[in-house]
Protein chains: 2
Amino acid sequence: MKTQVHEDIPCASDSHDEHIHSLRSERTLVDGALLFQALGSPERLQLMERLLDQEHCVSQLAQELGEKVTTISQRLQQLHRARLLTKERRGKHIYYAIADHHVRDLLTNTFDHVEEERLK
Amino acid sequence: MKTQVHEDIPCASDSHDEHIHSLRSERTLVDGALLFQALGSPERLQLMERLLDQEHCVSQLAQELGEKVTTISQRLQQLHRARLLTKERRGKHIYYAIADHHVRDLLTNTFDHVEEERLK
DNA sequence: TTGACAATCCATGGATCCATGGAGTATAAT
DNA sequence: ATTATACTCCATGGATCCATGGATTGTCAA
């Protein structure tokens with residue numbers, strides 16, 4: 001017979017020890033959430049994926065993906081607002097591209113991660 | 001007088017050259033989006049932040065953040081579904097913790113990134 | 001200036017998300 | 001068994017998101 005003692009551990013380790021990680025500002029949480037939220041749809045993620053390869057203009061992406069130009073434009077703008085993409089006009093076209101290598105790493109690491117995770 | 005020649009560049013570099021980055025599967029995009037979407041709210045990000053320090057149980061987080069237990073539980077479950085958190089029962093309490101170092105890095109890198117980005 | 005093309009802006013309706021209340025499940029002590 | 005505590009499950013209504021159509025802006029060529 002096992003009378004295992006679980007005796008109501010106070011879940012909070014009452015010890016008031018210091019935090020290792022400093023808490024981030026409200027602003028950081030909001031901006032971070034904006035960034036993640038922009039990436040939080042398969043459709044926008046697909047755009048990011050295409051742009052990993054090279055810059056594209058709006059109409060080109062719309063054509064390749066079989067979507068309306070206005071739809072693609074809105075998606076790209078949301079990604080741009082989150083500072084994930086750069087935007088440059090050349091002639092009649094506007095070219096979007098991955099903002100920097102941080103963003104690039106974020107994407108490739110995450111893609112690799114979820115593909116590995118699947119095999120468990 | 002500048003008669004700059006912009007001559008209607010076909011935005012698509014018509015060259016059918018090979019893609020450097022291989023395109024990810026539909027599944028990868030969906031799973032990736034699920035992950036990002038789970039992180040895409042300041043409230044859930046705040047939970048992740050607390051857990052960076054150490055594991056916590058539901059009631060503890062609810063108390064610290066001044067929220068209803070059921071609310072915190074739902075948020076934690078969403079993060080857990082996205083495989084961002086582990087979940088372990090010990091006695092009456094259920095402890096949530098950051099899933100692994102990939103997730104930890106993803107968070108700290110992103111937080112650092114948005115804080116830097118702000119200074120531009 | 002006019003016309004053609006690329007992209008954005010704006011409003012809208014349908015879908016999705018999200019916090020919450022209340023009921024239900026799990027665990028442990030008496 | 002009963003009680004208490006911790007958490008989850010489920011339904012709901014209000015908020016938010018999102019694709020789309022139509023009007024507008026910007027660029028270039030004739």
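Side chains included, hydrogens not; waters and symmetry mates left out as well; all remaining heavy atoms used.
Phosphate proximity of dT8(C) to Tyr96(A): present, with a side-chain N or O under 4.0 Å from OP1 or OP2. In this model, the phosphate group of dA7(C) is not approached by any side-chain N or O of Lys87(A) to a distance below 4.0 Å at OP1 or OP2. When the side-chain nitrogen and oxygen atoms of Arg44(B) are compared with OP1 and OP2 of dC18(C), one or more of them lie within a distance under 4.0 Å. A sub-4.0 Å separation between OP1 or OP2 of dC7(D) and a side-chain N or O of His93(B) is present.
Arg24(B) meets the side chain to side chain donor-acceptor pair (under 3.5 Å) test with Asp112(A), Glu115(A); sequence neighbours excluded. The side chain to side chain contact (heavy atoms under 4.5 Å, CB included) search around Asn109(A) returns Asp105(A), not counting sequence neighbours.
Considering only heavy atoms from C-beta on, Met48(A) comes within 4.5 Å of Leu39(A) through its side chain. Asp100(A) is listed as a side-chain neighbour of Val103(A), based on a closest heavy-atom distance under 4.5 Å.
For Ser73(B) and Thr70(B), the side-chain atoms include no donor-acceptor pair closer than 3.5 Å.
Axis orientation changes by 30° from one end of the helix from dT1(C)-dA30(D) to dT30(C)-dA1(D) to the other, with each end axis drawn from 5 pairs and the value rounded to 10°.
Minimum atom distance to the side chain of Lys92(B) is reached by dT5(D), of the listed dT5(D), dA6(C), dA19(D). Closest to the side chain of Lys68(B), out of dC28(D), dC7(D), dT20(C), is dT20(C).
The stretch residues 70-78 of chain B comes close to DNA chain C through Thr70(B), Thr71(B), Gln74(B), Arg75(B), Gln78(B), each having a heavy atom under 4.0 Å from the strand. DNA chain D is contacted by no residue of residues 25-41 of chain B, taking any non-hydrogen atom closer than 4.0 Å.
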List the atom pairs, with distances to 0.1 Å, where a side-chain N or O of residues 79-88 of chain B and a protein N or O form a donor-acceptor pair under 3.5 Å, not counting sequence neighbours.
residue, atom, partner, partner atom, Å
Thr86(B), OG1, Ala97(B), O, 3.4
Glu88(B), OE1, Arg90(B), NH1, 3.1

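No salt bridge links Glu43(A) with Arg75(A); every basic N to acidic carboxylate O contact stays at or beyond 4.0 Å.
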